[in-house]
Amino acid sequence: MLSVMSAATHPPSRPSVLLDCDPGHDDAIAIVVAARNTDLVGITTVAGNAPLTSTTHNALVMRDLLGIDVEVHSGSSRPLVGKPKHAGHVHGESGLDGADLPEPTTPLNGTDAAQFIVDACHQHDKLWLVPVGPLTNIALAMQKDPAVAQRIAGISLMGGGSFGNRSAVGEFNIWADPEAAQIVFSSGAPIIMAGLDVTHQFQATPARIERLRAIGGTLAISLADLLVFFSMMYQRNHDEGHLQGGAMHDPLAVLALTHPALFERTNRHVVVETKGEYTRGMTVIDERRLIERKASNVAVLTYVDAEAAFDLVTAAVAHFTP
Ligand code: RIB
Ligand code: CA
């Protein structure tokens, strides 16, 4: 039986992944972890933590900092219904405040993320879509080509949970575009869900941030500075002492694929509320032990070995440090 550490350092699989993101401090970590541990076939950007222009700029900055050759395509600047919602109160005006980051030097590869996603689903067998922002681009791709849900290996997403962060029950990625989320959750594609119940277990504590900083070099020091800012913003929004650092949500959606032994999961039926006055944007997770409940459509992550997961973050950053 592989120990957790052994599983953590020898990934059982190197899945083909398309990362859809709204960088975003934790998205930036997810980009590093995906670049190191997956066959990263593309990055698409969506409005979320910041406007699309900013999230796209930030994805290009991260591509340059890693020195990786992967296409970046921008996508939707707004949800399917309603106005864009952002999270400057957590990520700052730029979406990636807190570090002195270089301007991108490589150009954007396209501006139709939904079409890029459709094409990638046909070009790559067993492709995993890993959305870690609002699900608008994924939903638009499914509307463009209904075969997407059948073509892909599955969707490993960050979003939802048994509680919210933008309302009592609305987690930002779902709450920002509930219609898109319901299209994805009802698509029939295999779904792994990294919701707040598991992502709040994965915090950027001061000790972990200093482990990153100790690697040295522009990437590590920039990420450490970003996580200091992110944690400060996160902690000032929460009860004193409740969190020891910002919740690093998004990399867990990647690690759930590359290092499944670090997680515990439970199969549940999940739908997204799009109508409720107080519950719009809620992932309604059926926890009943009644045999009448509907068949599960989601593997809900319930636990992560946070220390082993952070070992993988530091290993990924070190890998991209000359
Ligand atoms: O609620 C957390 C999610 O919203 C994360 O993906 C974070 O980056 C923001 O997009
Ligand atoms: Ca995100």
Side-chain angles (χ1 to χ4, degrees), residues 17-34 43-52 54-59 61-62 72 74-79 84-98 113 129-138 155-178 180-181 184 192-204 223 226-227 229-231 233-235 237-238 243 245-256 272 281-283 301 304 313:
V17 157
L18 189 153
L19 184 71
D20 184 72
C21 56
D22 61 334
H25 294 69
D26 52 326
D27 306 70
I29 304 293
I31 292 170
V32 180
V33 170
I43 295 172
T44 51
T45 60
V46 66
N49 286 322
L52 179 67
S54 299
T55 59
T56 303
H57 175 276
N58 296 337
V61 167
M62 287 310 300
V72 175
S74 61
S76 188
S77 61
R78 57 182 315 106
K85 298 185 176 80
H86 301 314
H89 63 292
V90 175
H91 299 274
E93 205 56 39
S94 72
L96 209 49
D97 281 11
L129 301 182
V130 180
V132 294
L135 292 162
T136 318
N137 290 338
I138 310 300
I155 298 169
S156 184
L157 63 88
M158 190 279 141
S162 66
F163 59 95
N165 54 15
R166 300 305 293 128
S167 73
V169 295
E171 176 281 323
F172 179 79
N173 289 340
I174 309 299
W175 173 85
D177 194 341
V184 172
I192 301 170
M193 178 177 125
L196 296 180
D197 305 82
V198 72
T199 65
H200 274 217
Q201 298 172 33
F202 191 44
Q203 298 171 20
L223 290 176
L226 287 171
L227 290 177
F229 174 87
F230 180 60
S231 295
M233 298 291 270
Y234 230 92
Q235 287 173 296
N237 293 329
H238 284 81
L243 296 171
M248 292 181 285
H249 311 277
D250 295 341
L252 295 189
V254 178
L255 293 174
V272 175
M282 175 181 183
T283 49
L301 301 179
V304 62
V313 170

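Order of appearance sets the numbers: ligands from 1, and atoms from 1 within every ligand.
For V90, no heavy-atom contact with ligand 1 is shorter than 4.0 Å. Residue T199 does not touch ligand 1, judged by heavy-atom distances below 4.0 Å. Residue contacts with ligand 1 for V132 involve N, CA, C or O but no side-chain atom from C-beta outward (heavy atoms, distance under 4.0 Å).
The minimum distance between the Ca ion (ligand 2) and any N, O or S atom of D250 involves atom OD2. Sorting the N, O or S atoms of D22 by how far they are from the Ca ion (ligand 2) puts OD1 first.
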Quick one, E171 with W175, criterion side chain to side chain contact (heavy atoms under 4.5 Å, CB included). Give me CA distance, side-chain angles, the key distance, then yes/no. CA-CA 6 Å; E171 176 281 323; W175 173 85; over 6 Å; no
M158/V198 under side chain to side chain contact (heavy atoms under 4.5 Å, CB included): CA gap, chis, key distance, verdict: CA-CA 10 Å; M158 190 279 141; V198 72; over 6 Å; no
Could you please spell out the steps behind the ring-ring contact (aromatic ring centres under 6.0 Å, His included) verdict for H249 and Y234? CA-CA 12 Å; H249 311 277; Y234 230 92; 5.8 Å; yes
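With L135 as the partner, the side chain to side chain contact (heavy atoms under 4.5 Å, CB included) test is satisfied by one option alone out of I174, I155, D177, L129: I174. The residue from D27, T55, D26 that alone fulfils the side-chain hydrogen bond (donor to acceptor under 3.5 Å, both in side chains) condition with N49 is D27. Partner of T45 under the side chain to side chain contact (heavy atoms under 4.5 Å, CB included) criterion, chosen from T56, N137, N58: T56.
Remark: ligand 1 atoms within the under-4.0 Å shell around heavy atoms of M158 are 2 (C), 3 (C), 5 (C), 6 (O). Close contacts between ligand 1 and E171 involve ligand atoms 1 (O), 2 (C), 3 (C), 4 (O) [criterion: under 4.0 Å to a heavy atom]. Close contacts between ligand 1 and F172 involve ligand atoms 1 (O), 4 (O), 9 (C), 10 (O) [criterion: under 4.0 Å to a heavy atom]. For ligand 1, the atoms sitting less than 4.0 Å from at least one non-hydrogen atom of D27 are 8 (O), numbered in the order shown with element in parentheses.
In terms of protein heavy-atom proximity, atom 4 (O) of ligand 1 is closest to N173 OD1, 3.2 Å. Looking from atom 7 (C) of ligand 1 to the surrounding protein, the closest heavy atom is D26 OD2, 3.3 Å. N49 OD1, 3.0 Å is the protein heavy atom nearest to atom 9 (C) of ligand 1. Looking only at heavy atoms of the protein, atom 6 (O) of ligand 1 is closest to D250 OD1, 2.6 Å.
Considering backbone and side-chain atoms together, H249 places no N or O closer than 3.5 Å to any N or O of ligand 1. Any N or O atom pair closer than 3.5 Å counts here, and L196 shares no such pair with ligand 1.
One finds the CG atom of L19 at 10.0 Å from the OG atom of S156 (value rounded to the nearest 0.5 Å).
Draw a line from the Ca ion (ligand 2) to O of V132 and another to OD2 of D27, and the angle between them is 90° (to 10°).
Looking at T44 and D20, their side chains do bring a donor and an acceptor atom within 3.5 Å of each other.
Side chains of H25 and L96 form a contact here, defined as non-hydrogen atoms less than 4.5 Å apart. Between V46 and C21, the closest side-chain pair of non-hydrogen atoms is not below 4.5 Å.
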